[in-house]
Student: 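Quick one: the structure is below, and I'll ask about it shortly.
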Amino acid sequence: MPRLRFAPSPTGYLHVGGARTALFNWLYARRHGGTFILRIEDTDVERNQPEMVTGILDGLRWLGIDWDEGPDVGGPHAPYFQSQRLERYRAAARELVANGHAFEDEGAIRFKVPPGKTSFTDSVHGPIEFDNEHIENFVILRSDTHPTYHLSVVVDDIDMDVTHVVRGDDHISNTPKQVLLYHAFGKTPPSFAHVPLIMGADKQRLSKRHGATSVMEYEKQGYLPEAMFNFLSLLGWGTGSNDELFTKDELIQRFNLEGISGGNAVFNTEKLDWFNHRHLLRLTDQELVARLKGLEGLDGLEGLKDLSKVLSLLRPRCKKLTDFPDQLRPFFVDPTEYDAEGVKKHLSAPEMPDHLNALRDVYATVSPFDEATLEQTLRSLADSRGIKAGALIHGTRLAMTGRMVSPGLFEMLVLLGRERVIARLARFVSTLKK
RNA sequence: GUCCCCGUCGUCCAGAGGCCCAGGACGUGGCCCUUUCAAGGCUAAAACACGGGUUCGAAUCCCGUCGGGGACGCCA
């Protein structure tokens, strides 16, 4: 059974690049019934920020990536924090010195790179070969007796029986050093898959100046984890088909290392938005309400009359969760202000208040109070008064929402109910007369 | 500078010698629907970096050039 790991160092939040790497590892492990390990590489005392561990864990959990071994859950190879395994690395370094594979140098221990070539087969890039003369005798144990990255990953990956290393492209040139270490320890290297990096719109490596790069930032902005998951998994990987909209399970079924592309991928927020919209549409009402919980201005959402109908009216108009509060407003409170431009555009005719009054009168008694009847009523009223139905519709929309844009008017009227419709019309007319 | 990776529409992905005068998606334009805004339907524009080979035949293989990215730390 394959064993894979995601090994972040807690020097910052979980960014989309790291998340994508974790995702591929997880997908592969789940696809093949393997094990997914989370290991914290916190050997750099200087840059390490312990509080970031929580941030990274939260990011993974939000995406729905769980781990079989690692922090919180433990496992047969605990501890999963490198800072707690220092003795192991020191022993390993001593072993290499004893073997003649490493030597002391100003208090540090360096690996003795042998002459020749070092090669490995990458699942994404195929065979890759480096001439050892381009590899310096690299440090494996610092003079403060902390291990360097190369030593700790290799020792841990050996100890933890890691079979597949899936990581960012930027590690390709580190790989020969690590392969050399495996050989020095008398072990066979795992298989490697180096996935392309995620770039910003300017094709530069993703960084703060590209705006949101933290996974949790996307949660704040109203993105769904399943949408982010779907989007990220298809950044640098293709299923081979033309379909793109997938659930997590579908992605697991399809995932394979061979489908990972060799070139860098640009993070396209517009496409993320589209994925989010589509996944939003797939949510049941219950799920949607649960996701919406906690957003400002949505107190009492669950008790809203005809909630399900209201939501289906708004769904096509929302890309993100954060779009809902604003769209939902008219269903919670009467408008207190009316779009000035809209009033000017649609209510400038002096007889408009009268028309709206007349509409209010018929709406007060019309029955049934349903879409078809309301529309018919409005249209024949407009007819008899010699005005366009559109004029009355726009005016009524302003009265109901205070705005120029809204979902379909008649659908809204029904959901608002006779009382509110009448009251809002009356209020709007009195405002107009002032 | 040295080494490594990569190079198909603006972007993501398909294409693993003839099925490709290159396909899907996002975005963009147009049309339809329509009470506004969305959504939806239809449709259009849009790419094999360049130059040499190999081959009856190349987006697909080889070489070179150019371009992009990455690595060259007692960071990970």
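What you see is a predicted model, and the numbers here were worked out from it, not measured in a lab. Throughout, a chain's letter reflects where its sequence line sits, starting with A, and its residues are numbered from 1. Every heavy atom of this structure was used, including side-chain atoms; hydrogens, water molecules and symmetry mates were not.
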Student: With C1' as the reference atom in both, quote the distance from rA44(B) to rA38(B) in angstrom, rounded to an integer.
Tutor: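 That atom pair is separated by 22 Å.
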
Student: Output yes when at least one side-chain N/O atom of T239(A) is less than 4.0 Å from OP1 or OP2 of rC13(B), else no.
Tutor: no

Student: Is the shortest side-chain N to carboxylate O distance from R39(A) to D156(A) below 4.0 Å?
Tutor: yes

Student: Does rU35(B) have OP1 or OP2 sitting under 4.0 Å from an N or O in the side chain of R379(A)?
Tutor: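 Indeed, a polar side-chain atom of R379(A) lies that close.
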
Student: Looking only at atom C1', what distance separates rG29(B) and rG68(B), rounded to whole Å?
Tutor: 30 Å

Student: Please give the distance between the C1' atoms of rC42(B) and rC33(B) as a whole number of Å.
Tutor: 11 Å

Student: Using a cut-off of strictly less than 4.0 Å, decide whether R142(A) has a side-chain nitrogen or oxygen near OP1 or OP2 of rC75(B).
Tutor: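 Answer is yes, contact under 4.0 Å.
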
Student: So which one's nearest nucleotide on RNA chain B is more toward 5', V405(A) or S173(A)?
Tutor: V405(A)

Student: Does the pair D44(A)/R47(A) count as a salt bridge with the N-to-O cut at 4.0 Å?
Tutor: yes

Student: What distance, rounded to whole Å, do you find between the two C1' atoms, one in rU8(B) and one in rA25(B)?
Tutor: 15 Å

Student: Determine the interatomic distance between C1' on rC62(B) and the same-named atom on rU55(B); round to the nearest Å.
Tutor: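 Comparing C1' positions in rC62(B) and rU55(B) gives a spacing of 12 Å.
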
Student: Taking 4.0 angstrom as the limit, do K345(A) and E341(A) come out as a salt bridge?
Tutor: no

Student: Does a salt bridge link R403(A) with D326(A), judged by any charged N lying under 4.0 Å from a carboxylate O?
Tutor: yes

Student: Whole angstroms only, please: what is the CG-C1' distance between L235(A) and rA25(B)?
Tutor: 13 Å

Student: Less than 4.0 angstrom from a charged side-chain N to a carboxylate O is my criterion; do R315(A) and D285(A) meet it?
Tutor: yes

Student: Protein-nucleotides 67-69 of chain B N/O pairs closer than 3.5 Å?
Tutor:
| residue | atom | partner | partner atom | Å |
| --- | --- | --- | --- | --- |
| rG69(B) | OP1 | Q204(A) | OE1 | 3.4 |
| rG69(B) | OP1 | Q204(A) | NE2 | 2.4 |
| rG69(B) | O2' | N264(A) | ND2 | 3.0 |

Student: Does R278(A) place a side-chain N or O at less than 4.0 Å from the phosphate oxygens OP1/OP2 of rG40(B)?
Tutor: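 For R278(A), the contact criterion (side-chain N or O under 4.0 Å from OP1 or OP2 of rG40(B)) is met.
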
Student: With respect to the phosphate group of rG70(B), does any side-chain polar atom (N or O) of H171(A) fall under 4.0 Å of OP1 or OP2?
Tutor: no

Student: Within the structure, does a side-chain N or O atom of R110(A) lie under 4.0 Å from either OP1 or OP2 of rC74(B)?
Tutor: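 Result: yes.
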
Student: Taking atom C1' in both rA71(B) and rA76(B), compute the distance separating them and give it to the nearest angstrom.
Tutor: 13 Å

Student: In terms of heavy-atom contacts, does NZ of K319(A) have more than 12 from other residues, nucleotides or ligands at under 6.0 Å?
Tutor: no

Student: State plainly whether the residues E136(A) and R110(A) are in salt-bridge range, i.e. N to O under 4.0 Å.
Tutor: no

Student: Could you state the atom-to-atom distance from NE2 of H134(A) to C1' of rC72(B) in whole Å?
Tutor: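 Answer to the nearest Å: 11 Å.
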
